[in-house]
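Here, residue 1 is the first one in the sequence, and each next residue gets the next number.
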Amino acid sequence: MPLFGVDDGPPVLGTFPKDDEGAIPYFFGRQQYGGRDFFIIVDGRKTRVGVGYLAGPVQTQLLPDGGTHFIQLGVFLTPLSLGLHTITIHGEIDGTGVLPTYGFSCLEEIFSYFVEVVP
């Protein structure tokens, strides 16, 4: 389940990293995106989502914004049992590089999904 992603299409915040070691400070560092407080809650069980859940950059086909490399923060969920489930995703982007690049200083995401698994 994707939580947040960035690519190298314009406008590019700072210098887009070339490898996974560079992706960590790029995504989580205060001078860059400043990603923080990412977590997922499945049926009331909260899991923090940090550095170990970041993948990339990987090369992609040409993206709609002109990018060709992508970094993704995401998780894999275990199979859900039959019935109704609530999944909530939370995270914030508020690094010092966000305002001059995108014109806003903070982005907070809170999404809730209601899923029914049927036989």
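To the nearest 0.5 Å, atoms CD1 (Ile71) and CG (Asp8) are separated by 8.5 Å. Interatomic distance, CD1 of Ile40 versus OH of Tyr53, reported as 9.5 Å (0.5 Å rounding). Taking CZ of Arg48 as the start and CZ of Phe39 as the end, the distance is 6.5 Å to the nearest 0.5 Å. Within the model, atoms OG1 of Thr60 and CD of Gln72 stand 12.0 Å from one another, a figure rounded to the nearest 0.5 Å.
By the rule that hydrophobic residues join a cluster once side-chain heavy atoms approach within less than 4.5 Å of another member, Tyr113 and Leu3 end up as members of one cluster. Hydrophobic cluster membership is shared by Val42 and Val117, with clusters built from Ile, Leu, Val, Met, Phe, Trp and Tyr side chains linked at under 4.5 angstrom. A continuous path of hydrophobic side-chain contacts links Met1 to Val51 [ILVMFWY only; heavy atoms under 4.5 Å].
Between Phe28 and Tyr33, the ring centre distance reaches or exceeds 6.0 Å. With ring centers used as reference points, Phe27 lies under 6.0 Å from Phe38.
Under the 4.5 Å side-chain criterion, counting only non-hydrogen atoms from C-beta, Val6 is in contact with Tyr26.
When all heavy atoms of His69 and Pro57 are compared, the pair lying nearest together is CB-CB, 4.5 Å. Closest approach of Gly5 and Phe70 over heavy atoms only: CA-CZ, 3.8 Å. Considering every non-hydrogen atom in both Phe104 and Val98, the closest pair reads O-CG1, 3.2 Å. Heavy-atom minimum distance, Gly56 versus Ala23: O-CB, 3.5 Å.
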query: Which is it for Val49 and Leu73 under the side chain to side chain contact (heavy atoms under 4.5 Å, CB included) test, yes or no, and what are the steps along the way?
result: CA-CA 8 Å; Val49 180; Leu73 183 69; 3.9 Å; yes
- request: Apply side chain to side chain contact (heavy atoms under 4.5 Å, CB included) to Tyr102 and Leu13, showing your working.
  value: CA-CA 8 Å; Tyr102 299 109; Leu13 188 154; 4.1 Å; yes
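For Glu116, the CD atom sits in a packed shell: over 12 heavy atoms of surrounding residues, nucleotides or ligands are nearer than 6.0 Å.
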Would you tabulate the side-chain donor-acceptor contacts of residues 77-95 under 3.5 Å, counting partners in other chains and residues two or more places apart, or write 'none'?
residue, atom, partner, partner atom, Å
His85, ND1, Asp43, OD2, 2.5
His85, NE2, Ser81, O, 2.6
Thr88, OG1, Ser112, OG, 2.9
His90, ND1, Asp37, O, 2.7
His90, NE2, Glu108, OE2, 2.8
Glu92, OE1, Arg36, NH2, 2.9
Asp94, OD1, Arg30, NH1, 2.8
Asp94, OD1, Arg36, NE, 3.3
Asp94, OD2, Arg36, NE, 2.9
Asp94, OD2, Arg36, NH2, 3.0

